[in-house]
**Q** 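Below is a structure I'd like to ask you about.
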Amino acid sequence: MWMITGQNQSWVSEFILLGFSSDPTTNSILFIVFLLIYLSSVMGNGLIILLICLDSHLHTPMYFFLCILAMVDMGYVTTTMPQMLVHLLAQSQTISFAGCWMQMYVFSALGITECTFFVVMAYDRYVAICYPLRYTVILNWGLCIRLASGSLVCGFLSALLHTFFTMSLPYCGPNKVNHYFCQGPSVRSLACMDTHLIEMVDLILSVLLVVTPISLIVASYIHIALAILKIKSTQARCKAFSTCASHLTVVTFFYVPASYIYMRPHSSYSPEQIKQISLFYNVFTALLNPVVYSLRNKDIKRAFLKVIGHSTVDY
């Protein structure tokens with residue numbers, strides 16, 4: 001039974017996540033594809049964390065922030081992917097009300113944390129390029145820990161508000177969520193009351209949580225660009241730009257689809273669009289981050305060769 005009956009009303013006790021397809025063959029193919037993506041994401045981010053922890057040369061603010069980002073990405077993709085993989089093969093696609101509440105909260109918390117953490121990483125690049133001689137003085141370990149902790153606190157507190165607004169609504173049927181996880185707007189559309197006001201509040205919060213970090217990142221890179229233009233050496237200028245290219249790449253792949261989803265009215269696009277776009281900022285960003293940072297980063301490559309027993313290579 002999926003309904004709990006009260007005096008005059010029945011309440012949903014679990015939801016059904018419809019996922020991407022009801023065809024068993026299609027689901028089997030999707031299972032293999034998403035399993036490979038998930039394992040690659042976890043192993044890629046896990047490898048970055050391991051290398052940064054083991055190699056003392058990587059114990060710098062930049063790699064400390066990269067390690068935190070990898071941890072957030074692992075948690076972010078693990079919040080949704082394992083359950084989606086189970087649902088692709090299982091006959092039952094249900095999730096309890098409490099499980100849906102928790103998944104929505106953790107997903108939102110880690111997503112908002114990543115939003116704010118990209119600002120921290122942009123600030124790191126700003127200090128490194130604009131104040132290279134004072135880099136370790138400005139970004140001391142005390143400040144680094146406070147910035148990382150502040151991002152986590154901001155994410156988990158902000159997500160409480162978003163999740164409380166959604167899950168405190170009355171749900172009396174139907175209980176089929178047209179998504180592969182408990183995403184706020186998709187669940188909220190099932191509420192048996194007018195949610196227009198709550199949707200407007202949620203939209204305002206989403207705009208603030210997306211526009212504010214983007215504005216700070218843009219401001220940082222304007223200062224970075226001006227500092228780079230003052231560098232006379234073309235080689236030094238290219239090197240300075242390359243240190244920012246990886247960050248700009250992952251920021252773009254995260255913010256563009258997230259902005260498309262959360263900064264527009266929910267009724268302006270189809271559920272299928274929501275699911276497909278959600279994959280980019282949830283699944284593919286977690287896969288992209290270790291690829292971008294490892295393939296473009298000589299220090300990560302050197303640390304990897306050292307760990308597997310090769311001699312240090314001069315890059």
Side-chain angles (χ1 to χ4, degrees), residues 1-20 75-76 79-84 86-87 92-116 153-212 257-279 281-282:
M1 296 293 291
W2 60 269
M3 307 289 280
I4 296 176
T5 304
Q7 292 181 345
N8 299 311
Q9 185 66 65
S10 296
W11 303 101
V12 170
S13 63
E14 61 184 28
F15 293 101
I16 298 174
L17 300 174
L18 297 182
F20 292 97
Y76 196 47
T79 304
T80 59
M81 287 291 282
Q83 183 185 58
M84 181 181 72
V86 171
H87 284 179
S92 175
Q93 295 177 308
T94 61
I95 181 172
S96 67
F97 189 91
C100 187
W101 200 106
M102 182 57 66
Q103 185 183 58
M104 186 186 302
Y105 173 63
V106 175
F107 178 84
S108 300
L110 293 177
I112 297 169
T113 297
E114 189 149 344
C115 276
T116 56
V153 170
C154 176
F156 279 83
L157 288 181
S158 300
L160 264 181
L161 196 60
H162 164 78
T163 309
F164 176 77
F165 276 146
T166 300
M167 300 308 286
S168 61
L169 295 172
Y171 294 95
C172 48
N175 70 331
K176 293 182 178 180
V177 180
N178 196 355
H179 212 296
Y180 67 90
F181 72 98
C182 284
Q183 188 229 25
S186 298
V187 174
R188 191 165 54 236
S189 65
L190 301 178
C192 48
M193 65 168 285
D194 182 16
T195 62
H196 178 72
L197 180 60
I198 292 178
E199 286 181 1
M200 290 301 299
V201 172
D202 198 50
L203 179 62
I204 293 170
L205 289 173
S206 298
V207 169
L208 288 175
L209 291 171
V210 173
V211 172
T212 303
S259 300
Y260 185 83
I261 288 289
Y262 291 103
M263 292 179 63
R264 297 174 59 186
H266 183 63
S267 58
S268 63
Y269 41 74
S270 70
E272 296 306 316
Q273 282 182 306
I274 297 175
K275 286 184 281 189
Q276 292 164 7
I277 296 170
S278 295
L279 283 173
Y281 71 86
N282 174 215

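We count residues from 1, following the sequence as given.
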**Q** Would a 4.5 Å heavy-atom cut-off, applied to side chains only, mark F20 and M84 as touching?
**A**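 In short, these two side chains touch, coming nearer than 4.5 Å.
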**Q** So, for L169 and M193, which heavy atoms are closest and what is the spacing to 0.1 Å?
**A**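 Shortest heavy-atom separation between L169 and M193 comes out as CD2-SD, 3.7 Å.
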**Q** Sequence neighbours excluded, which residues qualify as ring pair (Phe, Tyr, Trp, His ring centres under 6.0 Å) partners of F107?
**A**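 Once residues adjacent in sequence are excluded, the partners of F107 under the ring pair (Phe, Tyr, Trp, His ring centres under 6.0 Å) criterion are Y76, F181.
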**Q** Could you work out, with side-chain contact (heavy atoms from CB on, under 4.5 Å) as the rule, every residue matching F156, not counting sequence neighbours?
**A**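 Residues passing side-chain contact (heavy atoms from CB on, under 4.5 Å) with F156: Y105, A109, L110, T113, L152.
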**Q** Assess the residue pair L190 and K176 against the criterion (side-chain contact (heavy atoms from CB on, under 4.5 Å)); give the C-alpha distance rounded to whole Å, side-chain angles, the decisive distance to 0.1 Å, and a yes or no.
**A** CA-CA 8 Å; L190 301 178; K176 293 182 178 180; 5.7 Å; no
**Q** Can you name the side-chain contact (heavy atoms from CB on, under 4.5 Å) partners of T94, sequence neighbours left out?
**A**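 If we apply the side-chain contact (heavy atoms from CB on, under 4.5 Å) test to T94, skipping adjacent residues, the hits are E14, I16, S92.
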**Q** Report the distance from atom CD1 of I95 to atom CG of N175, rounding to the nearest 0.5 Å.
**A**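 Answer for the CD1-CG pair, I95 versus N175, is 12.0 Å.
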**Q** Could I get the full list of ring pair (Phe, Tyr, Trp, His ring centres under 6.0 Å) partners for F165, not counting sequence neighbours?
**A**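 Counting only residues at least two positions away or on another chain, F165 forms no ring pair (Phe, Tyr, Trp, His ring centres under 6.0 Å).
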**Q** Going from CE on M81 to OH on Y180, what distance comes out if it is rounded to the nearest 0.5 angstrom?
**A**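 Result: 8.0 Å between the selected atoms.
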**Q** Atom CG in N178, atom CD in Q183: separation rounded to 0.5 Å?
**A**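 Reported to 0.5 Å precision, the distance equals 10.5 Å.
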**Q** To the closest 0.5 Å, what do you measure between CD (E114) and CG (N282)?
**A**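 Reported value, rounded in 0.5 Å steps: 9.5 Å.
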**Q** To the closest 0.5 Å, what do you measure between NE2 (H179) and CG (L17)?
**A**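 Rounded to the nearest 0.5 Å, the NE2-CG separation comes to 9.5 Å.
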**Q** Considering residues at least two apart in sequence or located in another chain, which fulfil the disulfide bond (SG atoms under 2.5 Å apart) criterion with C182?
**A**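 Testing C182 for disulfide bond (SG atoms under 2.5 Å apart), a comparison that skips the adjacent residues, returns C100.
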**Q** By the side-chain hydrogen bond (donor to acceptor under 3.5 Å, both in side chains) test, which pairs, at least two apart or in different chains, include something from residues 154-167?
**A**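 Output for this query lists H162-D202, T166-R188.
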**Q** Run the side-chain contact (heavy atoms from CB on, under 4.5 Å) test against V211 and tell me which residues pass, sequence neighbours left out.
**A**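 V211 satisfies side-chain contact (heavy atoms from CB on, under 4.5 Å) with V207, S215, M263 once adjacent residues are dropped.
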**Q** Sequence neighbours excluded, which residues qualify as side chain to side chain donor-acceptor pair (under 3.5 Å) partners of Q93?
**A**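 Residues passing side chain to side chain donor-acceptor pair (under 3.5 Å) with Q93: none at all.
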**Q** How close do C154 and T116 get, counting heavy atoms only, and between which atoms?
**A**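 It is SG-CG2, 3.8 Å.
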